[in-house]
Amino acid sequence: MGHSAPVWDHKAAVELTKDWNGIDQIVLRNPQGASARVSLHGGQVTSWRSDRGEELLFTSNKAIFKPPKAMRGGIPICFPQFGNCGSLEQHGFARNKIWTIDKKPPPLHPNDSLGKSFVDLVLKPSEEDLKCWPHSFEYRLRVSLAADGKLTLISRIRNINGKPFSFSFAYHTYLSVSDISEVRIEGLETLDYLDNLCQRERFTEQGDAITFESEVDRLYLSSPNVIAVLDHERKRTYVIRKEGLPDVVVWNPWEKKSRAMSDFGDEEYKQMLCVNGAAIQKPITLKPGEEWTGRLELTAVPSSFCSEGLGSPLQ
């Protein structure tokens with residue numbers, strides 16, 4: 001990947017490297033061999049590997065890695081707008097900006113620091129940003145990798161404006177799966193959702209789990225804070241824990257839409273699933289000086305894991 005030099009050792013490996021465009025990226029490692037890669041382009045997690053070296057996030061083989069184009073895969077940050085539900089570009093501008101590293105971040109909580117490597121990134125609006133979205137903010141993103149391989153993203157967005165502003169938000173998480181037809185989501189059953197394939201009409205989820213046989217683009221409302229994505233073929237379950245993110249977007253483009261996307265392979269829909277912790281239906285409003293926090297935790301565990309244990313609180 002280019003030049004690599006150790007920086008800011010948070011009792012675990014944190015390296016600063018460059019990608020093939022010369023953009024800085026941070027590699028977090030844990031003692032067991034798990035890793036995560038975070039690009040300063042978009043503050044985007046571009047890789048999350050297990051201690052066996054398996055890639056847990058999907059990235060398209062046709063992804064474009066050149067700014068200002070957002071990369072198709074990993075975990076793009078959608079802020080201050082999700083999708084096209086506002087006047088800004090698709091999914092807002094945060095995922096297309098170059099973030100900076102906070103070299104003197106606040107320390108992790110003592111109970112939270114054991115074996116964790118982490119990096120803090122900061123985004124502040126440019127003059128150009130203020131023209132299209134005239135609100136001053138400070139966005140702090142902490143990405144951490146725990147000793148057990150758990151990946152955590154914590155976003156703190158503060159209003160440093162003289163007046164209130166509102167925004168929508170999502171962690172646009174592309175999970176790598178063996179075969180979409182072998183995957184099920186547990187934790188969203190019986191919930192209401194808005195279906196983007198039916199003009200955002202509201203429906204109620206009827207199944208005991210969500211499975212996939214065609215294109216899906218839904219916004220699940222008032223969702224629980226723990227959701228599981230079961231991949232039967234890989235005998236692996238992704239456990240998604242979240243705070244401050246009441247909505248969940250579930251998206252798979254299926255065949256027809258895949259063929260229409262220039263930065264996505266025709267058959268790649270079979271190997272990916274987006275399950276996004278989000279705040280969309282009711283935008284977040286911050287008064288001057290107020291701060292919002294949205295937290296996402298991702299864990300990959302063997303599928304023998306009993307989904308009845310999903311009610312456990314965030315750790």
Side-chain angles (χ1 to χ4, degrees), residues 42 44 57-60 62-63 69-96 166-177 180-181 183-207 209-224 227-229 238 240 242 244-284 294 296:
Q44 183 166 340
L57 298 176
F58 167 87
T59 298
S60 172
K62 292 191 170 184
K69 177 74 177 173
M71 191 195 84
R72 175 76 66 185
I75 310 179
I77 301 280
C78 303
F79 170 84
Q81 173 182 304
F82 179 80
N84 56 6
C85 58
S87 60
L88 299 175
E89 61 196 272
Q90 173 90 354
H91 292 323
F93 50 70
R95 66 187 186 141
N96 295 326
S166 299
F167 60 90
S168 55
F169 179 92
Y171 291 112
H172 201 328
T173 308
Y174 286 79
L175 299 174
S176 173
V177 299
I180 188 64
S181 62
V183 171
R184 57 191 274 150
I185 303 176
E186 296 185 358
L188 301 177
E189 50 278 1
T190 75
L191 295 188
D192 283 4
Y193 65 87
L194 305 181
D195 194 332
N196 287 317
L197 304 179
C198 300
Q199 287 76 49
R200 295 175 66 84
E201 191 176 340
R202 190 169 180 140
F203 297 93
T204 301
E205 183 59 52
Q206 300 295 335
I210 299 166
T211 55
F212 299 89
E213 299 170 348
S214 60
E215 182 183 354
V216 172
D217 188 354
R218 298 174 182 171
L219 176 65
Y220 286 85
L221 309 173
S222 304
S223 61
I227 295 151
V229 179
Y238 294 105
I240 301 168
K242 59 189 180 64
L245 302 162
D247 305 325
V248 169
V249 176
V250 176
W251 179 66
N252 183 288
W254 221 254
E255 196 167 4
K256 186 180 176 185
K257 196 158 282 181
S258 295
R259 292 178 185 278
M261 290 190 284
S262 61
D263 61 347
F264 195 86
D266 291 355
E267 300 289 318
E268 285 185 326
Y269 70 92
K270 296 174 182 175
Q271 274 76 56
M272 57 75 67
L273 175 62
C274 285
V275 182
N276 309 338
I280 299 168
Q281 191 208 17
K282 295 177 182 170
I284 307 294
L296 181 76

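Across every non-hydrogen atom of Met272 and Pro253, the tightest pair is SD-CD, 3.7 Å. Among all heavy-atom pairs drawn from Met71 and Gln44, the shortest one is O-NE2, 3.3 Å. Nearest heavy atom pair, residue Asp192 against residue Arg202, reads OD2-NE, 3.0 Å. The minimum heavy-atom distance linking Asp247 with Ser222 is given by the pair OD1-N, 4.1 Å. Heavy atoms only, all atoms of each residue included: Ala209 and Arg184 are closest at CB-NH2, 3.4 Å. Across Ala279 and Gly244, no two heavy atoms sit closer than the pair CB-O, 4.4 Å.
Phe58 has its side chain out of reach of Cys274: every pair of non-hydrogen atoms, C-beta onward, lies at least 4.5 Å apart. In this structure, the side chains of Arg218 and Leu188 stay at 4.5 Å or more apart for every pair of heavy atoms. Between Trp251 and Asn196 there is no side-chain heavy-atom pair separated by less than 4.5 Å. Phe93 is listed as a side-chain neighbour of Pro80, based on a closest heavy-atom distance under 4.5 Å. Side-chain contact check for Phe264 versus Lys257: every heavy-atom pair is 4.5 Å or farther apart. In this structure the side chain of Gln281 reaches within 4.5 angstrom of the side chain of Leu221, judged on heavy atoms.
Gln199 CD: 12 or fewer foreign heavy atoms inside a 6.0 Å radius.
No hydrogens or angles considered: nothing links the side chains of Asn276 and Thr173 as a donor-acceptor pair under 3.5 Å.
For the atom pair CD1 of Ile280 and CD of Gln81, the computed distance is 10.5 Å after rounding to the nearest 0.5 Å. For the atom pair CD of Glu268 and CG of Asn252, the computed distance is 11.5 Å after rounding to the nearest 0.5 Å. Leu57 contributes atom CG, which lies 11.5 Å from atom OH of Tyr174 (distance to the nearest 0.5 angstrom). To the nearest 0.5 Å, atoms CG (Leu273) and CD (Gln271) are separated by 12.0 Å. The CG atom of Leu219 lies 5.0 Å from the CG atom of Leu194; values are rounded to the nearest 0.5 Å. The distance from the CZ atom of Arg95 to the CD1 atom of Ile77 is 11.5 Å, given to the nearest 0.5 Å.
Ring pair Phe167/Phe79 is perpendicular by interplanar angle, where above 60° counts as perpendicular and below 30° as parallel. Using the six-membered ring where Trp is involved, Tyr193 and Tyr220 have ring planes that are tilted, between 30° and 60° apart. Ring geometry for His172 versus Phe82: interplanar angle of 30 to 60°, hence tilted.
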Residue pair Phe212, Val250: steps toward the side chain to side chain contact (heavy atoms under 4.5 Å, CB included) verdict: CA-CA 11 Å; Phe212 299 89; Val250 176; 3.8 Å; yes

Worked check of side chain to side chain contact (heavy atoms under 4.5 Å, CB included) between Leu245 and Phe169: CA-CA 8 Å; Leu245 302 162; Phe169 179 92; 3.7 Å; yes

Trace of the side chain to side chain contact (heavy atoms under 4.5 Å, CB included) decision for Tyr269 with Glu215: CA-CA 9 Å; Tyr269 70 92; Glu215 182 183 354; over 6 Å; no

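A donor-acceptor distance shorter than 3.5 angstrom exists from the side chain of Ser223 to the backbone of Pro246, with no hydrogens or angles considered. For the pair Gln206 (side chain) and Thr204 (backbone), a donor-acceptor distance under 3.5 Å is present. Not one N or O on the side chain of Lys270 forms a donor-acceptor pair closer than 3.5 Å with the backbone of Glu255.
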